[in-house]
Amino acid sequence: MTLLPAPGVEKATEATAWWKTAVVYQVYIRSFADSDGDGVGDINGLRAKLPYLASLGVDALWVNPWYPSPLEDGGYDVADYRAIEPTFGTLADAEAFLREAHGSDLKVLLDIVPNHTSAAHPWFQAALRDEPGARERYVFRTGRGEGCAEPPNNWRSIFGGTAWTRITDPDGTPAEWYLHLFAPGQPDLEWCNPQVRGEFEDILRFWFDRGVDGFRIDVAHGLSKAAGLPDALDAAPGAHHTAPHPAWDQDEVHEIYRGWRKIADCYDPPRIFVAEAWVASNDRLAQYVRRDELHTAFQFDFLRAPWRAQRMRSVIDDAIATATMVDAPSTWVLSNHDVVRHATRYARSQPDHAVESEWERARWGDERADIALGVKRARAAILLALALPGVAYLYQGEELGLAEVEDIPGDLRQDPTWVQSGHTDPGRDGCRVPLPWSGQSPPFGFSPDNAGANPWLPQPEAWAGLIAAAQEGDPTSMLALYRAALRLRREHLTGHGDLEWVDSPEGTLAFRRGGLQCWVNTTSAGIDLPRGAVLLSSSPLVSGLLASSRTMSQRSLPPDTSAWLLTRMT
Ligand code: ISL
């Protein structure tokens, strides 16, 4: 690869850049495919599935953290940013994977975790030993109250409990507290320290030099904290999704990303970023994707929208307006490794407010899930997401129609949320269960036959009906729907930027992009569709005779169904 002498050369081709219209498939590597039979997914398992991913029709893969890690938080606790977790493989395996993915025309995004390291990282170990300057790379503070026995402020960990842990000096005396916005095994880094900045810029180059096409930035809104670490007005985890909070979304963070952008622009082709930033408003989100900062940022309002046309429409309008303001593409996500799978979110009554996963999980015990309904809506939702302008992210297993696994026994749960919430929130394991590829019983081809270990989370027996191998040959399967939608999106939608709403009855959505119309029915009654060739529908359409004519047939769009129609260009 060559380094360009002058950043900015890429601007000429930016209008058609791949990352503006891509469909990105998220690989949660631990649960994707296990090549060596230890019950944990790995890089060689992923390599073996590249033909599957290429034939699905996606443009890029985002691989969740694969670095050495105690795996206290599924790899988001990184002990070494320039190597591979032995359970997942070797650096040579990673390099082979990058070559092979590129050979299959797939770009690769990695996950960078700059807000915190693992407590096992040599920097934190040096900090515990109180080596000179080592504690300045993290956020250590003296406690409050008598004997400094109270945490330095009222911030809460996202996983539950206080965000501070007190250490003891080598002689056993209680000493300072360190900040961890997530698990105690994930100490927050001090981004005012130039050593921290230099280290991460070097890590970016390490992977860019190996051909990685970009990074998803974990907790991109967390790196800078308000000076003096003041108490939060509302300390509840997640409160900052709707209001300012001194731990999150501070203005100083943008300078960091301006530096990162310069590095990415020095490569040919330029490398790209997508920010995971949970912030209080779209205006705040737009700041992350200004022209000299990051390329894209996840827009989570769509993922949090209930299955209600009016709410979805306003979320879509807001997201597009914000992205347009800063000339960035919108990003559409229905599921990821942190939220309840959408086939399950849509399987219960739909509230009239944004759906947070904690809220969703809290009602598992009270309301039965109608998974058939959830899956029907999930089929309709993907036709909506893939018809929208911008980038779409798919989460592994949604193309098989997997629902959340709600009944994992407590003693097998691994997400720190489960323990840190005092066993009140089951956490995120239910969307991370290893994929079912083939066969009639666990491990469903996830691990080789005669594997020495069970999958790291138990798979439901009922997944026998959802294995990829069976869906391959079934034109009515979820997999077939995804394949068809991805092919038709390439043929009819790439390059048609704007969305234009079309009048449609209450409880439905209809819009035009280029020559295609997308119709979505979230009501419980069928609606008439306009004329035009039906390219694809998420469930079978109903045909009947028009009341006004004995010959002309009228198609009706059933409840919880979407359709793509080919209509005349206007
Ligand atoms: O609101 C939040 C914090 O601002 C959370 O939703 C947070 O953004 C989210 O939990 C961050 O997730 C990412 O970082 C975590 C890891 O556990 C998740 O899996 C990852 O996606 C810590 O690294």
Side-chain angles (χ1 to χ4, degrees), residues 26-31 62-67 69-79 81 109-121 155-160 163 179-189 200 215-226 232 234-250 253 274-281 284-285 288 297-301 303-304 331 333 335-340 354-361 393 395-396 413-421 425 427-432:
Q26 180 189 348
V27 176
Y28 193 72
I29 187 150
R30 248 180 141 183
S31 303
W62 151 32
V63 185
N64 285 109
W66 60 8
Y67 318 105
S69 165
L71 296 174
E72 276 178 47
D73 181 22
Y76 284 94
D77 44 331
V78 180
Y81 290 81
L109 306 181
L110 296 186
D111 215 315
I112 191 159
V113 188
N115 181 68
H116 43 264
T117 67
S118 161
H121 191 284
W155 297 358
R156 312 283 299 166
S157 157
I158 291 291
F159 297 149
L179 176 70
H180 51 86
L181 291 172
F182 294 89
Q186 295 169 295
D188 279 51
L189 286 161
F200 275 87
F215 278 99
R216 176 253 189 197
I217 305 172
D218 187 58
V219 199
H221 57 308
L223 279 48
S224 303
K225 278 79 180 176
D234 183 347
H240 63 286
H241 290 177
T242 47
H245 184 297
W248 305 107
D249 191 28
Q250 301 297 305
V253 82
V274 54
E276 186 221 18
W278 296 81
V279 297
S281 70
R284 294 297 303 181
L285 191 64
Y288 289 77
F298 292 125
Q299 217 291 343
F300 290 120
D301 289 344
L303 170 155
R304 289 185 289 186
T331 52
V333 188
S335 276
N336 65 32
H337 65 294
D338 287 334
V339 301
V340 174
V355 180
E356 303 290 349
S357 280
E358 297 76 10
W359 178 88
E360 182 68 37
R361 292 192 289 260
Y393 278 79
Y395 176 51
Q396 68 178 39
R413 289 196 176 276
Q414 310 233 357
D415 182 2
T417 309
W418 172 237
V419 171
Q420 278 188 240
S421 69
D425 182 342
R428 304 162 295 178
D429 291 314
C431 66
R432 299 174 175 181

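Count residues from 1 along the sequence. When a ligand or atom number is given, it counts from 1 through the structure's own listing order.
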Peer 1: Any heavy atom of Glu358 sitting closer than 4.0 Å to ligand 1?
Peer 2: no
Peer 1: For the residue pair Arg30 and Gly74, what are the closest heavy atoms and their distance?
Peer 2: NH1-CA, 3.4 Å
Peer 1: Testing the basics here: between Gln186 and His116, what is the closest heavy-atom pair and its distance to 0.1 Å?
Peer 2: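 For Gln186 versus His116, the nearest heavy atoms are O-CB, 3.4 Å.
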Peer 1: Tell me which protein heavy atom sits closest to atom 10 (O) of ligand 1, plus the residue, atom name and distance to 0.1 Å.
Peer 2: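 The closest one turns out to be Phe182 CE2, 3.7 Å.
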Peer 1: Tell me which protein heavy atom sits closest to atom 8 (O) of ligand 1, plus the residue, atom name and distance to 0.1 Å.
Peer 2: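 Answer, as residue, atom name and distance: Trp278 CD1, 2.8 Å.
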Peer 1: Heavy atoms only: give me the nearest Leu189-Lys225 pair and the separation to one decimal.
Peer 2: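 So the two residues come closest at O-NZ, 4.4 Å.
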Peer 1: Does the pair Asn336 and Tyr28 meet the rule for a side chain to side chain donor-acceptor pair (under 3.5 Å), with working shown?
Peer 2: CA-CA 9 Å; Asn336 65 32; Tyr28 193 72; over 6 Å; no
Peer 1: Of the protein's non-hydrogen atoms, which lies at the shortest distance from atom 1 (O) of ligand 1, and what is that distance?
Peer 2: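 Of every protein heavy atom, His241 NE2, 2.4 Å lies nearest to atom 1 (O) of ligand 1.
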Peer 1: What atoms in ligand 1 come closer than 4.0 Å to a heavy atom of Arg216?
Peer 2: 20 (C), 21 (O)
Peer 1: Walk me through it: do Arg284 and His221 pass the test side-chain contact (heavy atoms from CB on, under 4.5 Å)?
Peer 2: CA-CA 10 Å; Arg284 294 297 303 181; His221 57 308; over 6 Å; no
Peer 1: I need the atoms of ligand 1 closer than 4.0 Å to a non-hydrogen atom of Arg432, numbered in the order shown.
Peer 2: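 The list of qualifying atoms is 19 (O).
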Peer 1: Below 3.5 Å, N or O to N or O, backbone or side chain included: is there any such pair between Trp248 and ligand 1?
Peer 2: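 It does not: no N or O of Trp248 is found under 3.5 Å from an N or O of ligand 1.
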Peer 1: Counting from 1, what ligand 1 atoms have a heavy atom of His240 closer than 4.0 Å?
Peer 2: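 Those qualifying, in numeric order: 1 (O), 2 (C), 3 (C), 4 (O).
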Peer 1: Will you find, in the side chains of Tyr67 and Asp111, an N or O donor that is under 3.5 Å from an N or O acceptor?
Peer 2: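 No donor-acceptor contact under 3.5 Å links the two side chains.
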Peer 1: Between Phe298 and ligand 1, which part of the residue brings a heavy atom under 4.0 Å of the ligand: side chain, backbone, both or neither?
Peer 2: neither
Peer 1: Tell me which protein heavy atom sits closest to atom 23 (O) of ligand 1, plus the residue, atom name and distance to 0.1 Å.
Peer 2: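 Result: Asp218 OD2, 2.8 Å.
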Peer 1: Give the residue and atom name of whichever protein heavy atom lies nearest to atom 9 (C) of ligand 1, and the separation in Å to one decimal.
Peer 2: Glu276 OE2, 3.5 Å
Peer 1: Which atoms from ligand 1 have a heavy atom of His116 less than 4.0 Å away?
Peer 2: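 Selected atoms, number and element: 22 (C), 23 (O).
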Peer 1: What atoms in ligand 1 come closer than 4.0 Å to a heavy atom of His337?
Peer 2: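 Selected atoms, number and element: 18 (C), 19 (O), 20 (C), 21 (O).
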Peer 1: Among all protein heavy atoms in this structure, tell me which lies nearest to atom 17 (O) of ligand 1, with the distance rounded to 0.1 Å.
Peer 2: Asp73 OD2, 2.6 Å
Peer 1: Indicate the atoms forming the closest heavy-atom contact of His121 with Val78, along with that distance.
Peer 2: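 Nearest heavy atoms, His121 then Val78: CD2-O, 3.8 Å.
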Peer 1: What protein heavy atom lies closest to atom 19 (O) of ligand 1? Include the residue and the distance to one decimal.
Peer 2: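 Minimum-distance protein heavy atom for atom 19 (O) of ligand 1 reads Asp338 OD1, 2.7 Å.
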Peer 1: Go through it in stages, so that I can follow the logic: the residues are Tyr393 and Gln26, the test is side-chain contact (heavy atoms from CB on, under 4.5 Å), and I'd like the CA-CA distance, side-chain angles, deciding distance and then a yes or no.
Peer 2: CA-CA 7 Å; Tyr393 278 79; Gln26 180 189 348; 5.5 Å; no
Peer 1: Going by atom types alone, do Tyr395 and Asp338 pair a side-chain donor with an acceptor below 3.5 Å?
Peer 2: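 Side-chain D/A pair, Tyr395 to Asp338: absent.
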Peer 1: Can you name the closest pair of heavy atoms from Arg428 and Pro416 and give their distance?
Peer 2: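 Residues Arg428 and Pro416, closest heavy atoms: NH2-CD, 4.3 Å.
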Peer 1: Quick check on contacts: which atoms of ligand 1 are under 4.0 angstrom from a heavy atom of Arg428?
Peer 2: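 The list of qualifying atoms is 16 (C), 17 (O), 18 (C), 19 (O).
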